[in-house]
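See below for the structure under consideration.
This chain uses plain numbering: 1 for the first residue, then up along the sequence. Whatever order the structure lists ligands and atoms in, that order sets their numbers, starting from 1.
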Amino acid sequence: MKLLLLSLGLILICAHTEGTHYGWKRKFDPRKYSGEWYAILLASDQKEKIEENGTFRVFVEYIRVLKNSSIVYKFHRIKKGECSEILLVSNKTEKDGVYKDIYDGHNIFKVLETDYCNYIIFYLINENNGNTFQLMQLYGQAPDMSSELKKKFVKFCKKYGIVKEDISDLTTVGKSSSWLSPPESCPQ
Ligand SMILES: *[C@@H]1O[C@H](CO)[C@@H](O)[C@H](O)[C@H]1NC(C)=O
Ligand SMILES: *[C@@H]1O[C@H](CO)[C@@H](O)[C@H](O)[C@H]1NC(C)=O
Ligand SMILES: *[C@@H]1O[C@H](CO)[C@@H](O)[C@H](O)[C@H]1NC(C)=O
């Protein structure tokens, strides 16, 4: 387990040295972005994870920071037309601003950029039985956001090798396909 996290840590270090944007180097205070959020864009280099029925096609509801510095994420997921809730606890790691949790494998993630008010961009690496993939998420304070912020996210994705075709717009999900729209028990 330790070895696994170490190797994932190394991947993050590599991403770090490759990235030039200041956002990757900065430490963000989770207390400042805890609250309610909307899932806006979702991207992955393993697209089936974020497509219909994919385990990472998740819609964030809120983020809370616990006293012990772990972070709780509440998501919902639409699986075979049914809504299920996911409550995930992520512990911090030895690395500044880097968190880990277990969901469909081992996840390690951090915030690439946020203004604490309008948007957050998350970068996650999933490891499961020796396979890894990258996932990026854009959260907003409202059900939709400006095209400037969306473009910023697309740029980040490009930097990590995720192409435009592998970005999913979650703001249009409810409109495009009726069975996909969340039931009333699931806000958004
Ligand atoms: C922090 O508290 C939560 C809730 O009790 C728990 O699930 C989590 O494992 C704790 N984190 C650590 C690092 O102990
Ligand atoms: C998702 O699951 C539903 C219900 O089982 C099925 O009808 C649908 O075709 C699945 N979608 C994909 C992309 O596999
Ligand atoms: C978080 O920390 C708690 C307490 O040390 C531990 O029981 C739990 O397994 C940890 N969770 C993860 C995902 O590492």
### Query
Which of these, Asp101, Val89, Leu87, Val72, has its nearest heavy atom closest to atom 6 (C) of ligand 1?
Val89

### Numbering as shown, the atoms of ligand 3 that approach Asn91 to under 4.0 Å (heavy-atom distance)
1 (C), 2 (O), 3 (C), 8 (C), 10 (C), 11 (N), 12 (C), 14 (O)

### Query
Quick one: which ligand 2 atoms are inside 4.0 Å of a heavy atom on Asn53?
1 (C), 2 (O), 3 (C), 8 (C), 10 (C), 11 (N), 12 (C), 14 (O)

#### Entry: Numbered atoms and elements of ligand 1 in range of Leu66, under 4.0 angstrom, heavy atoms
2 (O), 3 (C), 4 (C)

### Query
Taking only heavy atoms of Lys100, which atoms of ligand 3 are found under 4.0 Å from at least one of them?
14 (O)

### Query
Is the Tyr119-Phe153 ring centre distance short of 6.0 angstrom?
no

### Query
Please state which protein non-hydrogen atom is closest to atom 14 (O) of ligand 1 and give its distance, to 0.1 Å?
Asn68 ND2, 3.7 Å

### Message
If you apply the rule side-chain contact (heavy atoms from CB on, under 4.5 Å), what do you find for Lys164 with Val154, and how did you get there?
### Response
CA-CA 7 Å; Lys164 226 174 176 173; Val154 173; 4.1 Å; yes

### Query
What do you reckon, are the aromatic ring centroids of Phe28 and Tyr33 less than 6.0 Å apart?
no

#### Entry: CA sep, side-chain torsions, deciding dist, call: Tyr73, Tyr99, ring pair (Phe, Tyr, Trp, His ring centres under 6.0 Å)
CA-CA 12 Å; Tyr73 288 82; Tyr99 290 82; 8.0 Å; no

### Task
Quickly, which of Phe122, Tyr123, Phe133 forms a ring pair (Phe, Tyr, Trp, His ring centres under 6.0 Å) with Tyr160? Name it, please.
Tyr123

